[in-house]
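This one's a predicted model, so the numbers in the text were calculated from it and none came from an experiment.
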Amino acid sequence: MVEQGQMSLAGQRLGAPETLGISTLEPGHKPPAMPPGRLVPIRVLLLDDSEEIFDISHRASGRVLFEMVCLHLNLIEGDYFGLEFQSHHRKMVWLDLLKPIRKQITRPKHTVLRFVVKFFPPDHTVLLEELTRYLFALQVRQDLASGRLTCSDASAALLVSHIIQSEIGDFEETQCRQHLLNTNYIPDQMALMDKIMEFHHKHIGQSPAESDYRLLEVACRLEMYGIRLHPAKDREGTKLSLAVAHGSVLVFQEHNRINDFNWSKIRKLSFKRRRFLIKLRADPSNINQDTLEFLMASRDCCKMFWKICVEYHAFFRLFEEPRPKPKPVLFSRGSSFRFSGRTQKQVIDYVKENEFKKLPFDRSVLMIFICVCLSFSEVTCALVTLVNGHADDCRGATPSPLISPMLNDTGAIRTDDEEDNRRKNCPADNAYFIAKELLNTERTYLKDLELITVLFQGVLDKEDCVPDALKTLLSSTYEPLHSHHTHFLQELEERLSLWEGRCNMQVKGEIQRIGDLLLKTVQEMKALSAQLQTSSECVFALERACVASRSLECVCREFELQKVCYIPLNVFLLSPLHRLLHYRQILDRLCKHFPPSHTDYSDCKAALDDVCELEAALRPGLEEIENYQKLLELQKDLIGVEHLAVAGRQLIRLGCLSKLSGKGLQQRMFFLFNGVLLYSSRGITSANQFTVHRQLPLHGMTIRESEDEWGVPHSFTLMVQQQSLVVAACSESEMEKWMEDLKMAVDMAEESNGPTADLLTASKDVKFSEVESEDDLCGSRTSLQRNGNDSAITLQRSNTTAHVCWHRNTSVSKMDFSIAIENQLSGNLLRKFKNSNGWQKLWVVFTNFTLFFYKTHEDEYPLASLPLLGYSVTHAGESENIHRDHVFKLHFKSHIYYFRTESEYFFERWMKVIRSATVSASRTRYRNRTELD
């Protein structure tokens, strides 16, 4: 038996090692208390066909039992499920969560409740937990076996092939045939055995988690997916069936849908005795009656269908749970029934905001064979050992970019008063802190150069597929730069060491300066201008070589998956150009800090003039290569387009918008280029790539706000080629940024040669279509290329900018990327979690919109990372009881981190660079900032 707070066999079979909470509870809340009274054993049949007994008070409500089951399974997204049982009229009914169980089940000892899927979303991607998708897959399997989920033979064979891939693993002909002979998944399975095996052979390498995802991807497009038919008759006595779905009430004749009534067209649903009534909204174009009447078998049947309609409408259409109606004083009229629980939107927000730890679970052994493939979550490692999805020690791991750094105290310097005492001995002059920033960032830059000259070139030297010309180009470009900056770093460390020491005033004036070293290194860099220019050519040359050699492409992709390669490889190749921008910023701050009479001013001013001259010569090429690098990175993230990185193509903005369709608001990833707008959805593969659904040419496009028209906050409509697309942003500011950039891009397109010149080339095996027919589903839709070296090529970093935007529901513009290049910072920070005592000293590198955490600056690779898109940075308030100076707070929904800096200077610098990553720039604001600078 299972009592409250206790786990048993089914929980072990579904792999719930500990209790994290359940979906129907807000964070920090506890399940409803068990009311006093006699305990009654209640039997519940789970989706894996295991039966559990829960001891529950005979006075308890249905919610207590339901949440005990969810708690038992460690199910976070439990709101999609329900408990059903056979009433004394031998009809299957749903357990009402608000009513006491004793008033619903007359003979609890002889009643078995079934835990099943109740609400079927039209888009499987909204199911965020692997356990939830697994339970949905079990439900699909049951519906197939019972004949409830009808479909074409091709679709049925494809569905079964995904099920057996999940259960027995990769295709082996004898094993697969024997398994199908012993296990029946669908009626008349023998006739489709060869077709099932043909599909199964195409799924090699597909994990159980991905098989569940692909199964749901196919099932969601079937007409009978999630449909539960309720027998009825029309006014003429014709036998029909009624059903309810996410967006409408449906009418079927046998298994053919003959009509549907969208929620937007329905004014009221009601029932009177055996009659079910649908009252439609007034429509002059509708020649039929405004009230439709259907006759059902009994009043109970009518009321039961009416209830599920009310619940479906509330769950999928409302933003929050409806409030209970006040009880009448004397007489009541009509049913008091209401939907109880969270809506789909609340469920999705709840899971995203709380970022539950991904725990592995064991899949049920329903068949005679045991699954030999590992699930995604069984091989996923924590971010403390895996950064950016690197797969050195954990095959197939793809940690979410939302996982916050979980560094423990082991090895980290735990300090409070010691750090404060050390700060008191530091010079108070801001010139010292500017010089220290130069030293800190130079350490990071030299590490980045070593990655190219030592690690990457070392890998290439061992490969026969690398052209000699490419090896020569890389060595001649980066080795002189590495040698120069190694010497410069040594001089900086010596100078700062003397600056921090004790000395008399005469000596102090000679060593407490930095301009002379900067002037010397800038003049030497002018002699290395050829190497700075060819760093751009290295990016082009490496890409050309990868296109020509699949083996070299595989080598580069595998190198990018190593822990040391914490940002894209091309960004490392362009770091010499970025470093020039940092020198200009540092020199500019020094010149503003020193008065013209200061001994260091003249050297700093001369060095600044030389840097600006060098930057002016390189900047046009830098803007071009930066755009090219972003296009190359996006090409790896997108499925469905080819030749993205071509001359003239410019990325303007990428990010998340919600697309309004018949299925409601669906999250989509949008990519705005000059001439074309793409939108896509994200799959669940090793690479988590985005599949492009459609391209919209910008030539002739019009944009208008449409919040009043559709009643959707922050929505606007795109009109092009007599078609419209309604999208909604997450906030008003996001909507304004999108509309501003879209209008700018449309103006650019109008000035170009024509609407088709900028359209991207689609991949041959991808059709741009939102809705596929059943016949189109018979092909395998996995994006993993598994032949030869292709599997390594598709394994990409899971915290690229596009993926972080997807998780954080935000966007990034071309100007945000430009600002991010200039705003890079390194140094020691003290970090504290919201509920922890004391502080941890960490070496932190900020680049590419992300904080990377190390124990010391000498570490080879980061231990954890924290993407900052979507976060806000503020001062720590007095009410937060920090009681320390120079503390700033990072905050994203329920996640809070505190960081301390060693001085006011570094406090302001960290605040500035982090704000550049947490607040997306609009064109107007960026233009104003540039003018002020």
Hey, are [X] and [Y] close enough for a salt bridge, meaning a charged N less than 4.0 Å from a carboxylate O?
| X | Y | answer |
| --- | --- | --- |
| E52 | R43 | no |
| E217 | R214 | yes |
| K91 | E84 | no |
| R668 | D123 | yes |
| R228 | D143 | yes |

Should [X] and [Y] count as side-chain neighbours, where that means a heavy-atom distance under 4.5 Å?
| X | Y | value |
| --- | --- | --- |
| F716 | R704 | no |
| N259 | F252 | no |
| D79 | F66 | no |
| L113 | I42 | yes |
| S211 | H203 | no |
| H179 | I164 | yes |

Handout entry: Gap between atom CZ of F85 and atom CG of L83 - 0.5 Å precision
Key =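 Rounded to the nearest 0.5 Å, the CG-CZ separation comes out at 9.5 Å.
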Practice task
Measure the SG-CZ distance between C302 and R299 for me, rounded to the nearest 0.5 Å.
Solution key: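 C302 atom SG to R299 atom CZ measures 8.5 Å (nearest 0.5 Å).
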Compute whether any side-chain donor of one residue and acceptor of the other, for [X] and [Y], lie under 3.5 angstrom apart.
| X | Y | value |
| --- | --- | --- |
| Y225 | H124 | no |
| H714 | E705 | no |
| Q139 | Y80 | no |
| H230 | S241 | no |
| S661 | Q666 | yes |
| D300 | S298 | no |

Keeping the roles fixed (side chain from [X], backbone from [Y]), state whether a donor-acceptor pair exists under 3.5 Å.
| X | Y | result |
| --- | --- | --- |
| W94 | M304 | no |
| Q189 | Y185 | yes |
| S155 | S152 | no |
| S658 | L665 | no |
| Q142 | L47 | yes |
| Y213 | R133 | no |

Practice task
Would you sort out whether V117 and L135 count as a side chain to side chain contact (heavy atoms under 4.5 Å, CB included), showing the intermediate values?
Solution key: CA-CA 8 Å; V117 177; L135 295 175; 5.7 Å; no
Handout entry: Trace of the ring pair (Phe, Tyr, Trp, His ring centres under 6.0 Å) decision for F119 with F315
Key = CA-CA 8 Å; F119 300 109; F315 184 77; 4.4 Å; yes
Exercise for the section: Start with the C-alpha distance between I266 and L280, add both sets of side-chain angles, then the distance that settles side chain to side chain contact (heavy atoms under 4.5 Å, CB included), and finish with yes or no. Expected result: CA-CA 4 Å; I266 297 176; L280 302 177; 4.3 Å; yes
Practice task
Tell me, with the steps shown, if F670 and Y679 meet ring pair (Phe, Tyr, Trp, His ring centres under 6.0 Å).
Solution key: CA-CA 4 Å; F670 282 74; Y679 66 85; 5.3 Å; yes
Practice task
Kindly indicate, with the supporting measurements, whether the criterion ring pair (Phe, Tyr, Trp, His ring centres under 6.0 Å) is fulfilled by F690 and W806.
Solution key: CA-CA 10 Å; F690 295 93; W806 173 267; 5.7 Å; yes
Problem - Nearest non-hydrogen partners of G341 and Q346, listed with the distance - result: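 That would be O-OE1, 4.4 Å.
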